[in-house]
Amino acid sequence: MVNPQMVMYEEEFNQIQSVVDRLVKDANAKVVFIVDKNGQLIAASGEVDNLDTTSLASLTAGNIAATGGMAKLLKENEFATQFHEGEKANIHIQLVGNRVILVVIFDSKSSLGLVRLRVRKASEELNHIFEALLKKVQEPGADSPFAEITDEDIDNLFND
């Protein structure tokens with residue numbers, strides 16, 4: 001089940017960004033980014049200055065949706081891993097916990113084996129972070145910015 005809007009707190013965002021930053025170095029990648037299934041960029045690291053990350057995030061989510069459709073036709077749940085090889089750049093795409101998409105763009109300075117090894121470890125870390133985030137969001141009134149707002153406050157707001 002896809003969460004239509006993911007709630008992100010600063011603590012978890014910093015943890016996610018740390019994993020992404022480390023993966024760029026450990027996998028010797030050019031770019032690493034995380035996208036939600038709706039195509040929203042969550043975190044990015046590496047050589048992103050000359051890259052249209054918004055379009056790439058959206059296209060990646062569309063790619064995952066399309067291959068998800070193919071998987072259903074073949075009576076599979078999902079294709080969790082995808083790899084696209086180009087002349088100059090390669091893309092490794094990994095579905096993490098059926099929640100987010102981890103994308104690693106790399107060139108000949110790295111190898112698919114190294115990327116897959118590092119992605120496996122990063123995916124586990126990210127899965128733990130997103131599980132903790134989900135628990136945090138599901139706790140009644142936990143750190144909600146609206147927790148202290150009462151019905152009376154709302155009535156007063158609209159009665160001015």
Side-chain angles (χ1 to χ4, degrees), residues 1-72 74 76-139 142-143 145:
M1 189 161 123
V2 176
N3 211 357
Q5 281 294 350
M6 183 181 303
V7 175
M8 184 69 61
Y9 295 97
E10 185 175 2
E11 177 184 355
E12 286 77 13
F13 172 76
N14 289 336
Q15 292 172 353
I16 292 165
Q17 188 65 51
S18 175
V19 171
V20 170
D21 290 342
R22 188 171 55 250
L23 185 55
V24 168
K25 293 176 191 151
D26 290 350
N28 202 18
K30 294 177 76 68
V31 177
V32 173
F33 61 95
I34 297 179
V35 182
D36 72 10
K37 283 190 157 185
N38 296 322
Q40 296 296 311
L41 185 66
I42 296 172
S45 187
E47 301 170 19
V48 295
D49 292 339
N50 296 322
L51 196 61
D52 184 354
T53 54
T54 303
S55 294
L56 202 50
S58 180
L59 290 168
T60 300
N63 186 19
I64 289 292
T67 56
M70 289 190 297
K72 283 184 178 52
L74 298 172
E76 291 283 339
N77 288 330
E78 285 276 3
F79 291 125
T81 304
Q82 297 178 36
F83 172 66
H84 302 283
E85 183 176 7
E87 288 181 26
K88 297 177 186 165
N90 305 307
I91 301 176
H92 184 279
I93 302 171
Q94 181 74 41
L95 201 53
V96 177
N98 208 23
R99 292 183 183 94
V100 296
I101 306 159
L102 174 60
V103 180
V104 179
I105 301 173
F106 63 102
D107 59 15
S108 61
K109 294 176 186 164
S110 189
S111 70
L112 179 58
L114 177 63
V115 169
R116 291 181 85 168
L117 180 68
R118 301 303 187 192
V119 162
R120 187 176 301 128
K121 182 178 183 225
S123 293
E124 290 173 10
E125 289 180 62
L126 290 167
N127 207 23
H128 290 306
I129 294 168
F130 282 104
E131 284 176 4
L133 182 59
L134 186 62
K135 285 179 186 173
K136 189 175 188 178
V137 169
Q138 288 177 341
E139 290 175 7
D143 292 339

Roughly how far apart are [X] [atom1] and [Y] [atom2], rounded to 0.5 Å?
X	Y	atom1	atom2	answer
Q82	I93	CD	CD1	4.5 Å
K30	K88	NZ	NZ	10.5 Å
N90	I105	CG	CD1	10.0 Å
L114	F106	CG	CZ	9.0 Å
S18	L23	OG	CG	11.0 Å
I16	E11	CD1	CD	10.5 Å

>> Taking CG in N77 as the centre, count heavy atoms belonging to other residues, nucleotides or ligands within less than 6.0 Å. Is the count above 12?
In response: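 Counting neighbours around CG of N77, 12 or fewer heavy atoms of other residues, nucleotides or ligands fall under 6.0 Å, so no.
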> Under 6.0 Å from the CZ atom of R116, do we count more than 12 heavy atoms belonging to anything else shown?
Replying inline: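 Incorrect, the count does not exceed 12.
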Identify the heavy atoms of [X] and [Y] that sit nearest to each other, and give their distance.
X	Y	value
D36	A61	O-CB, 4.1 Å
F13	I42	CE1-O, 3.3 Å
S45	Q17	CB-NE2, 3.9 Å
A57	F33	CA-CE1, 4.2 Å

> Between E47 and K109, is the closest basic N to carboxylate O distance under 4.0 Å?
Replying inline: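 Salt bridge absent between K109 and E47.
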Contact check, side chains of [X] and [Y], non-hydrogen atoms, under 4.5 Å:
X	Y	answer
V104	R118	no
L126	V100	no
H84	N63	yes

Under a 3.5 Å distance rule, please check whether [X] uses its side chain to pair with a backbone N or O of [Y] as donor and acceptor.
X	Y	answer
S58	T54	no
N38	Q40	no
S110	D107	no

>> Here's a test for you: under side chain to side chain contact (heavy atoms under 4.5 Å, CB included), which of L102, V103, T81 qualifies with H92?
In response: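 Filter result, single survivor: T81.
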